[in-house]
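One structure below.
Keep in mind it's a predicted model, so treat the numbers as computed, not measured. Within every chain, numbering begins at 1; the chains are lettered A, B, ... in the order of the sequence lines, protein sequences first and strands thereafter.
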Amino acid sequence: MVSMNSTALTKAFEPQAFESSIYQFWQETGCFDASDVSVPDQQPFCIVIPPPNVTGVLHMGHALTNTIQDILVRWRRMKGDNTLWLPGTDHAGIATQAQVEKAIAKEGKGPEGRPLSRHDLGRKKFLERTWKWKEEHAGEITNQLRRLGSSLDWKRERFTMDEGCSRAVREVFVRLYEEGLIYRGERIINWCCRCQTALSDLEVIPTDRKGNLWQLRYRIVDAQGAPVLNADGSQAELLIATTRPETLLGDTAVAVHPEDERYLHLHGKFAVLPLVGRKIPVIVDAYVDREFGTGALKVTPAHDFNDADLGKKHGLPVISVMGKDGRISAEGGGYQGLKFAEAREKVLQDLEQQGALVKREDHAQKVGLCQRCDSVAEPMVSKQWFVQIESLARPAIEAVESGKIEFSPKNWEKTYFEWMRNIRDWCISRQLWWGHQIPAWYCSQCEGITVSRTTPSSCSKCQAGSSALKQDEDVLDTWFSSALWPFATLGWPEKTSALKTFYPTSILETGFDILFFWVARMIMMGLHFMGEVPFRKVYLHAMVRDEKGEKMSKSKGNVIDPLVLIGQHGADPLRFTLTAMAGQGRDVKLSVDRVEGYRAFANKIWNATKFYLLQFEDAQGGPITEPTEGVAAWLEAHRAELSAADRWILSRLQAVAESVEGGFARFELNESATALYDFFWKELCDWYIEFSKVPLRQGGEARYRTLMVLGHVLEQSLRLLHPIMPFVTEALWQALPWKKIANTPARVRDGKPAVMTLMFQSFPVAQNSWRDAEAERTIGALRNVVEAIRNFRGENNLSPRVEFPLRYLSTSASAVAFLEKNEAAILTLARVQKLERLTSAPASGAETGGSEPAFEAVILLTDPAVELRISLAGLVNVGEEIKRLKKEMERVKDDLDFVRGKLAKESFTAKAPAALVEKERQRERELADQWKDLSQGLARLERMAGGTS
RNA sequence: UGGAGCGUAGCUCAGUGGCAGAGCACCGCCUUCACACGGCGGGGGUCGCUGGUUCAACCCCAGUCGCUCCAACCA
């Protein structure tokens with residue numbers, strides 16, 4: 001048996017004192033380790049981590065996703081599953097390369113005094129540098145995940161560029177190529193001039209920009225180049241509208257709507273491109289919007305996605321006028337070498353000079369920005385590798401349609417379908433160095449392509465030797481390797497036992513922002529290569545924002561650093577906050593106040609446990625011995641001896657266990673969190689522990705019994721809380737006197753030593769036999785009595801130090817019995833001197849002339865049905881009590897009016913359920929009685945006030 | 001343009017066809033022997049707006065306004 005050294009509990013919750021040592025204990029004793037093979041009747045449960053960028057730092061989004069995953073994993077582990085949470089990091093092509101390039105640039109100057117670039121180092125040296133950078137930084141984020149408490153199986157940690165993943169990438173690439181699903185082609189793609197690479201559609205963020213809409217005048221000619229004249233003999237012209245005049249250098253057509261009457265006479269004619277002089281056809285296509293601009297548009301197939309489609313449809317030539325450096329290419333004639341923005345100005349100037357610029361107006365437009373660097377992404381034609389995606393998408397759509405994969409929240413399925421059904425081929429080549437180099441070789445002899453899992457020794461087309469072969473310089477999109485994550489990390493393409501045990505994985509938990517980037521692609525690749533979905537359920541959490549609901553960003557300076565919060569308040573309060581606030585379908589607006597509030601909750605748990613332990617040490621009559629049969633069995637055997645409070649808290653424990661389980665199962669973790677918060681604080685601490693002080697003081701059997709109940713409830717609560725707050729619960733659980741290993745996880749049965757940890761205790765299951773409606777009613781009544789007296793005290797600003805006797809009057813035998821039985825609890829909780837039963841209403845002192853109390857407060861209760869009386873002599877002046885009574889009467893009056901109004905309507909009494917009507921009638925009677933008693937009490941007090949003044 | 005989500009107390013959010021809830025903040029009283037990171041009490045809301053369904057609507061339906069996000073072919 002491996003155990004932890006437990007130390008005395010500090011006075012208050014101090015997470016810094018135990019978090020790191022507890023994590024170390026878990027990790028060193030193998031608590032996180034999964035087993036490649038489940039034991040009989042053990043379920044596998046697996047989540048693969050969404051791999052964070054290897055050189056990244058933990059932000060709130062990571063904190064949220066990993067908290068949620070850790071909760072699910074810890075919960076399933078406690079339920080006895082063979083649980084694997086697989087860690088790893090992503091090489092993050094562009095992001096990482098950019099970091100290293102930045103570092104190099106700072107280091108020195110290259111030729112001509114420019115900052116040193118990767119090209120000065122060369123590919124080999126640069127990659128060496130990047131690997132070194134990766135090794136230096138990789139530990140940072142994984143250590144941060146540890147600080148959060150993540151129970152990841154670190155022995156299986158993977159990296160998207162490790163040997164296994166790289167092999168999987170090559171395998172997938174080659175197979176898809178052989179199946180014709182990967183091709184190389186010259187097509188329009190998004191190009192980031194700053195990052196100098198192609199981007200996929202997803203990596204370009206459409207952004208609103210203020211722009212202009214210009215109208216340009218084109219001259220119309222016929223096929224022979226002769227001017228076309230209007231009816232009046234003037235030169236026929238066409239006005240087109242454009243937001244990007246500089247692209248006209250590459251225009252190969254103008255387009256109008258086929259039914260646009262303004263342009264019918266131009267069908268089959270040609271336009272002369274200003275500045276360039278090229279004769280281009282007027283094409284007709286229903287795609288053109290007649291309402292927009294002039295209803296005529298210029299077509300630039302090389303630099304606009306829609307125009308590319310049009311060009312393809314109409315067989316237009318593609319003229320690329322922009323280079324990868326973001327400057328006009330040789331095709332641009334006199335504009336060559338200008339940057340796009342410069343070219344625009346020059347083109348406009350020249351057009352104006354020629355009289356071809358007709359009009360300029362303001363126009364809001366969308367400009368695509370590079371996701372990484374925020375610079376404008378230019379559509380241009382380029383030779384790239386693509387995945388032919390449609391045949392991969394089809395089964396991926398079906399998998400969700402058929403329910404083999406379920407999304408939560410469900411409405412994301414709609415978004416998923418929408419995207420998948422309109423999916424475009426995926427550009428997978430990137431002009432970077434950091435990443436998986438494309439396993440394609442070009443032959444200098446025959447120009448053939450050889451695609452191979454390993455470096456080929458000869459050209460597959462002409463058999464030329466390896467010296468004739470040159471590997472493609474480009475690397476694959478980072479998301480290409482991420483798409484293989486669920487099976488590559490489990491050993492694919494080898495048929496490993498881990499793959500057999502854990503694929504398909506159970507749940508994929510991530511943010512909806514990478515639904516298309518990652519989730520959809522994993523589904524496609526998983527289905528294609530494993531023949532099975534990669535996961536059964538997808539849970540998409542919301543975004544973490546600041547307390548104002550704004551996206552956290554470095555530039556806004558509103559970033560809340562999870563590590564700072566962990567340092568200040570501990571990992572558990574942060575985890576609890578994220579859990580409590582992560583309701584489905586709603587952004588998480590994180591406020592530090594909230595974290596502080598839940599730190600107080602952790603402190604509450606801490607002190608409640610301390611209270612219990614204190615009782616243990618103070619036991620009178622020798623140390624308390626553990627029942628040999630165990631606490632749970634003891635409780636079962638002694639059920640009949642339990643008090644109402646005992647049965648009540650045990651009943652409530654079942655209710656909270658059910659809520660917690662339900663919340664976890666339905667991904668409504670906030671429900672689990674709030675159920676635990678309310679139970680632990682408001683029921684266990686505020687009431688049960690207060691009740692328990694009476695029997696604990698009493699000693700003997702009552703004390704023993706109470707310690708059994710309290711110990712049991714506390715220990716079960718720690719189990720229920722553990723998935724959300726692993727550190728503090730483990731620290732406290734280790735300090736408990738009696739612990740048994742309750743279940744036998746796989747690793748114990750493997751013959752390794754068992755570990756004494758809360759992590760492996762069975763997760764409480766609600767037991768209906770402990771549900772006790774009668775006890776819940778009793779305690780409810782008891783609370784009513786205590787609260788009524790506290791309320792009286794509060795409203796009269798009476799210090800708890802001021803004790804007074806309480807007298808009561810009741811015609812209900814059960815109410816009398818109830819008060820007699822619970823006298824001790826009432827005296828303690830309401831701080832009452834003594835409890836005295838009256839058999840008849842006392843007359844006021846003035847009426848009897850005797851020694852009866854001069855005047856009394858009257859408090860009416862319906863459950864229990866009693867009239868409480870508190871002598872006011874020396875406590876409260878009559879005026880104050882009259883005020884209180886009047887306020888009370890007002891409340892009763894309002895309620896009574898409401899109920900009577902309801903009952904007065906025949907439509908209600910006739911159509912509402914009979915039970916409800918009866919309930920309302922009952923309520924009306926009670927309120928009427930109260931009203932009567934209160935008015936009598938008030939009249940008496942007013943007489944008294946009159947008499948004494 | 002289409003789709004989704006959200007509008008409930010000063011703030012952040014739960015919530016249910018049957019008399020509106022929590023945390024924080026606020027105001028009283030209390031250093032009561034687990035906890036001042038605490039205890040007890042209190043004030044505070046036309047549940048965005050307008051209609052409809054219903055005996056009964058914060059909840060269901062239709063519309064409307066506002067905010068946020070996503071997908072987009074209006075150059």
Side-chain angles (χ1 to χ4, degrees), chain A residues 9 11-13 206 213 240-244 247 255 287-289 291-300 304-307 309-310 363 365-366 409 411-412 414-415 418-419 422 512-513 515-516 542-543 545 547-551 569 573 580-581 583-591 593-594 596-615 670-671 674 677-678 682 685-686 689-690 693 697 786-787 790-802 828-831 894-895 898-899 902 905-913 916-917 919-920 923:
Chain A
L9 300 184
K11 187 173 178 300
F13 167 68
L213 188 64
I240 60 97
T242 180
T243 56
R244 298 198 60 190
T247 62
Y287 156 75
V288 179
D289 181 351
E291 309 298 316
F292 188 87
T294 60
L297 91 123
K298 58 193 267 319
V299 183
T300 323
D304 184 285
F305 282 88
N306 302 313
D307 292 5
D309 288 347
L310 266 181
H363 179 68
Q365 63 174 334
K366 294 259 195 241
N411 45 303
W412 284 109
K414 202 167 173 175
T415 310
E418 192 66 27
W419 189 72
N422 298 299
F512 60 77
D513 52 332
L515 176 58
F516 307 139
M543 294 289 104
R545 297 168 179 279
E547 66 265 78
K548 289 189 220 102
E550 291 189 37
K551 220 168 185 168
H569 304 293
M581 302 199 62
Q584 286 199 10
R586 186 188 263 269
D587 288 338
V588 180
K589 284 188 215 164
L590 188 74
S591 73
D593 282 355
R594 211 61 194 244
E596 284 167 7
Y598 289 125
R599 180 195 177 135
F601 180 51
N603 188 53
K604 193 76 182 174
I605 301 169
W606 190 266
N607 280 290
T609 308
K610 268 183 64 187
F611 171 79
Y612 170 69
L613 295 174
L614 216 58
Q615 295 303 322
N670 57 324
E671 193 181 298
T674 49
Y677 184 94
D678 289 344
K682 293 173 195 170
C685 291
D686 287 351
I689 287 185
E690 294 308 318
K693 287 174 181 173
R697 255 199 313 266
V786 172
E787 279 168 352
R790 284 174 175 172
N791 180 286
F792 166 80
R793 209 188 274 276
E795 296 209 327
N796 288 298
N797 280 349
L798 286 180
S799 158
R801 254 177 315 198
V802 181
T828 307
L829 271 66
R831 301 185 69 80
D894 285 349
D895 285 3
F898 180 83
V899 174
K902 212 172 188 179
K905 277 192 280 188
E906 204 196 320
S907 52
F908 173 74
T909 49
K911 292 193 182 174
L916 187 70
V917 176
K919 209 176 118 197
E920 294 296 329
R923 199 168 145 66

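The distance between atom CE of A/Met543 and atom P of B/rC67, rounded to the nearest whole Å, is 22 Å. Rounded to an integer number of Å, the gap from A/Gln615 CD to B/rC35 P is 12 Å. Remark: C1' of B/rG21 and CG of A/Asp678 are 10 Å apart, rounded to the nearest angstrom. Rounded to whole Å, the distance from NZ on A/Lys693 to C1' on B/rU32 is 8 Å. For the pair A/Phe611 CZ and B/rU32 C1', the computed distance is 13 Å after rounding to whole Å. Rounded to an integer number of Å, the gap from A/Asn411 CG to B/rG3 C1' is 10 Å. The distance between atom CZ of A/Arg831 and atom C1' of B/rU32, rounded to the nearest whole Å, is 5 Å. In this structure, the CG atom of A/Leu798 is 12 Å from the C1' atom of B/rG28, given to the nearest Å.
B/rG44 and B/rU8 have their C1' atoms separated by 14 Å, given to the nearest Å. Using P as the reference atom, B/rC27 and B/rG66 are 38 Å apart when rounded to the nearest Å. Spacing of C1' atoms, B/rU46 relative to B/rA20, comes out at 12 Å, to the nearest Å. Separating the P atom of B/rA57 from that of B/rG15 is a span of 22 Å, rounded to the nearest Å. One C1' atom belongs to B/rG5, the other to B/rG48, and the distance between them is 15 Å to the nearest Å. Nucleotides B/rG42 and B/rA22 place their P atoms 11 Å apart, quoted to the nearest Å. Taking the C1' atom of each, B/rC47 and B/rG21 are spaced 11 Å apart, rounded to whole Å. When the P atom is used for both B/rC49 and B/rA9, the distance is 11 Å, rounded to whole Å.
In terms of heavy atoms, A/Val899 sits closest to A/Glu920 at CG1-O, 3.4 Å. Of all the heavy atoms in A/Asn603 and A/Phe13, the pair that sits closest is OD1-N, 3.0 Å.
There is a side-chain donor-acceptor pair under 3.5 Å between A/Thr247 and A/Lys298.
Every residue was checked against the side chain to side chain donor-acceptor pair (under 3.5 Å) condition with A/Asn791, not counting sequence neighbours, and none meets it. Annotation: salt bridge (Lys or Arg N to Asp or Glu O under 4.0 Å) contacts of A/Asp289 (sequence neighbours excluded): none.
In this structure, A/Asp895 reaches the bases: a heavy-atom distance under 4.0 Å links it to at least one base atom across the strands shown. Note on A/Ile689: a base of the nucleic acid sits closer than 4.0 angstrom, heavy atoms only. Using a 4.0 Å heavy-atom distance criterion, A/Met581 is classed as a sugar-phosphate-only contact.
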Quick one: what's the B/S/- string for nucleotides 51-62 of chain B, heavy-atom cutoff under 4.0 Å, read 5' to 3'? ----B-------
When you check every protein heavy atom under 4.0 Å of nucleotides 69-75 of chain B, what one-letter string (B, S, -) results, 5' to 3'? S-SBBBB
Heavy atoms under 4.0 Å is the rule here; annotate nucleotides 37-42 of chain B 5' to 3' with B where the base is hit, S where only the sugar-phosphate is, and - elsewhere. BSSSSS
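Panel note: side chain A/Asp304, backbone A/Asp307; a donor-acceptor pair is recorded below 3.5 Å. Looking only at distances, no side-chain donor or acceptor of A/Asn670 sits under 3.5 Å from a matching main-chain atom of A/Met581. With hydrogens and angles ignored, the 3.5 Å screen pairs a side-chain donor or acceptor of A/Arg793 with a backbone N or O of A/Val802. A donor-acceptor contact shorter than 3.5 Å is absent between the side chain of A/Arg790 and the backbone of A/Ala830.
Summary of the strand contacts: A/Arg594 and A/Ala608 both lie near RNA chain B, and taking for each the nucleotide with the nearest heavy atom, the more 5' one is attributed to A/Arg594. Remark on RNA chain B: of its neighbouring residues A/Lys919 and A/Glu671, the 5'-side contact belongs to A/Glu671, judged by nearest-heavy-atom nucleotide.
Regarding contacts with the backbone of B/rC33, every side-chain N or O of A/Lys610 stays at 4.0 angstrom or more from both OP1 and OP2.
Between A/Thr415 and A/Trp412 there is a side-chain heavy-atom pair separated by less than 4.5 Å. Two residues are said to be in side-chain contact when any heavy atoms from C-beta on lie closer than 4.5 Å; A/Leu613 and A/Leu9 meet this criterion.
Rounding to the nearest 0.5 angstrom, the gap separating the NZ atom in A/Lys610 from the CD1 atom in A/Ile605 is 14.5 Å. Taken to the nearest 0.5 Å, the CG atom of A/Leu614 stands 12.0 Å off from the OG1 atom of A/Thr609. For the atom pair CZ of A/Phe611 and CD1 of A/Ile689, the computed distance is 6.0 Å after rounding to the nearest 0.5 Å.
Atom CD of A/Glu596 sits in a crowded spot, with more than 12 heavy atoms from other residues, nucleotides or ligands closer than 6.0 Å.
At a threshold of 4.0 Å, the pair A/Asp678-A/Lys682 counts as salt-bridged, since one of the basic side-chain nitrogens sits closer than that to a carboxylate oxygen.
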When Watson-Crick pairs (N1 to N3 and N6-O4 or O6-N4) and G-U wobble pairs (N1-O2 and O6-N3) count only below 3.5 Å on both distances, what is the dot-bracket string of RNA chain B, with | for other-strand pairs? (((((((..((((....[..)))).(((((.......))))).....(((((..]....))))))))))))....
